[in-house]
There are 2 protein chains.
Amino acid sequence: MKLKPKFKLWLEVDGKPVIGEGRADLLMEIYETGSLSAAARNLRISYRHAHEMLSELNERCGMGIIATEVGGASGGGTRLTAKGRKLVESYQAMKNELENWLENRSS
Amino acid sequence: MKLKPKFKLWLEVDGKPVIGEGRADLLMEIYETGSLSAAARNLRISYRHAHEMLSELNERCGMGIIATEVGGASGGGTRLTAKGRKLVESYQAMKNELENWLENRSS
DNA sequence: CACCGTTATGCACGAGAATGCATAACGATA
DNA sequence: TATCGTTATGCATTCTCGTGCATAACGGTG
């Protein structure tokens with residue numbers, strides 16, 4: 001019986017989840033595409049859901065993670081702010097450290 | 001914005017979860033009460049669900065984690081085997097180590 | 001002005017998980 | 001033999017989460 005440890009990691013503020021695997025992936029995709037709808041398409045999740053994820057994130061972080069634009073030639077877009085990039089990076093860093101710790105752990 | 005790291009940890013075999021927080025609590029309660037129905041009552045979960053949790057665990061571990069008895073003066077009971085206790089202990093140990101690591105981590 | 005792609009929102013629907021309830025089998029004990 | 005508390009299982013109901021679809025607002029561009 002080979003047991004393999006698995007984990008999920010996320011960050012909370014006031015007891016509510018702010019960023020985990022799902023939102024981190026979404027924010028990264030937004031950073032790369034500059035569009036929420038494109039990010040949702042790439043991740044194969046519904047736009048409806050992706051938008052809800054951002055909405056909750058903003059509620060819990062007091063805005064400033066993303067910046068949206070509506071209308072225009074391109075139709076609009078969603079940008080990841082510097083603050084948002086730092087949030088993703090700090091999550092990714094912690095997750096990577098945890099993965100390494102778990103791999104090198106003397107069981 | 002105060003960010004607090006949280007995590008869930010579990011052990012898998014063949015890509016399927018064997019023990020996590022839920023089953024660990026259930027097994028510990030069985031160890032203390034010697035009864036699945038009592039364990040479910042104490043944990044405020046349905047017997048139906050508790051039984052299903054054990055059923056899946058046995059499927060994935062090839063039996064030997066618990067020993068059940070039906071009928072008799074006491075009605076029967078469910079015991080945690082030595083193998084079962086070791087499983088819970090190894091999970092608890094890993095979880096505690098991870099908690100400590102996360103607390104002492106230089107953010 | 002009409003078009004287009006994006007953000008944004010409401011609502012019905014489906015899948016999966018857990019609950020609640022009913023029922024059966026079991027076996028020592030009075 | 002009748003009782004009792006437990007294990008065990010089936011099935012309808014409920015709840016949550018994500019999907020799918022419809023619709024509106026927006027604002028450059030042709």
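The structure displayed is predicted, hence computed values, not measured ones. Chain naming here is simple, since letters A, B, ... match the order of the sequence lines and numbering starts at 1 in each.
Look at NE2 on A:His49: it is 8 Å from C1' on D:dC17, rounded to the nearest Å. Rounded to an integer number of Å, the gap from B:Leu57 CG to D:dT7 C1' is 17 Å. As rounded to whole Å, 16 Å separates atom P of C:dT6 from atom CD1 of A:Ile66. Rounded to a whole Å, the CG atom of B:Asn58 is 14 Å from the P atom of D:dT7. Rounded to whole Å, atom C1' of C:dA8 lies 15 Å from atom CD of A:Glu56. Atom CZ in B:Arg79 sits about 15 Å away from atom C1' in D:dT6, given to the nearest Å. In this structure, A:Glu69 atom CD and D:dG27 atom P are separated by 11 Å, rounded to whole Å. Separating the CG atom of B:Leu43 from the P atom of C:dA18 is a distance of 14 Å, rounded to the nearest angstrom.
Here the side chains of B:Leu54 and B:Ile30 are in contact, with some heavy-atom distance below 4.5 Å.
Every residue two or more places apart in sequence or in another chain that forms a side-chain hydrogen bond (donor to acceptor under 3.5 Å, both in side chains) with B:Asn42 is listed here: B:Glu29.
In terms of hydrophobic clustering, with Ile, Leu, Val, Met, Phe, Trp and Tyr side chains grouped at heavy-atom distances under 4.5 Å, B:Leu9 and A:Trp10 are assigned to different clusters.
Within 6.0 Å of OH in A:Tyr31 there are 12 or fewer heavy atoms belonging to other residues, nucleotides or ligands. The neighbour count for B:Lys83 NZ, taken as heavy atoms of other residues, nucleotides or ligands under 6.0 Å away, is above 12.
Of the listed nucleotides (C:dT7, D:dA8, C:dT19), D:dA8 has the atom at the smallest distance from the side chain of B:Tyr47. Across D:dA8, C:dT19, D:dT19, the shortest atom-to-atom separation from the side chain of A:Ser46 is found for D:dT19. Comparing D:dG18, D:dA8, C:dT19 by their closest approach to the side chain of B:Thr68 singles out D:dA8.
Sorted by first and then second residue, the pairs that involve residues 9-22 of chain B and meet salt bridge (Lys or Arg N to Asp or Glu O under 4.0 Å), not counting sequence neighbours, are B:Glu21-B:Lys95. The stretch residues 40-66 of chain B participates, sequence neighbours left out, in these salt bridge (Lys or Arg N to Asp or Glu O under 4.0 Å) pairs: B:Arg23-B:Glu56, B:Arg48-B:Glu52.
OP1 or OP2 of D:dA8 lies within a sub-4.0 Å distance of a side-chain N or O belonging to B:His51.
A:Thr78 places no side-chain N or O within 3.5 Å of a backbone atom of A:Gly34 that could act as its donor or acceptor partner.
Taking all atoms of both residues into account, the shortest heavy-atom contact from A:Thr81 to A:Ala67 is CG2-N, 4.2 Å. A pairwise comparison of heavy atoms in B:Ala24 and B:Gln92 identifies CB-NE2, 4.3 Å as the closest pair. In terms of heavy-atom proximity, B:Ile45 sits nearest to B:Ala50 at CD1-CB, 3.9 Å.
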Check your understanding: What string of B, S and - do you get for nucleotides 22-30 of chain C, 5' to 3', when a contact is any protein heavy atom under 4.0 Å?
Key -> ----BBSS-
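Overall bending of the helix from C:dC1-D:dG30 to C:dA30-D:dT1, expressed as the angle between end axes built from five pairs apiece, is 20° (10° steps).
Using a 4.0 Å cutoff on non-hydrogen atoms, no part of residues 15-38 of chain A comes near DNA chain D.
Looking only at atom types and distance, the side chain of B:Ser35 has no donor-acceptor partner in the side chain of B:Thr33 under 3.5 Å away.
At a threshold of 4.0 angstrom between heavy atoms, the contacts of A:Thr78 are confined to the sugar-phosphate backbone, with no base atom among them.
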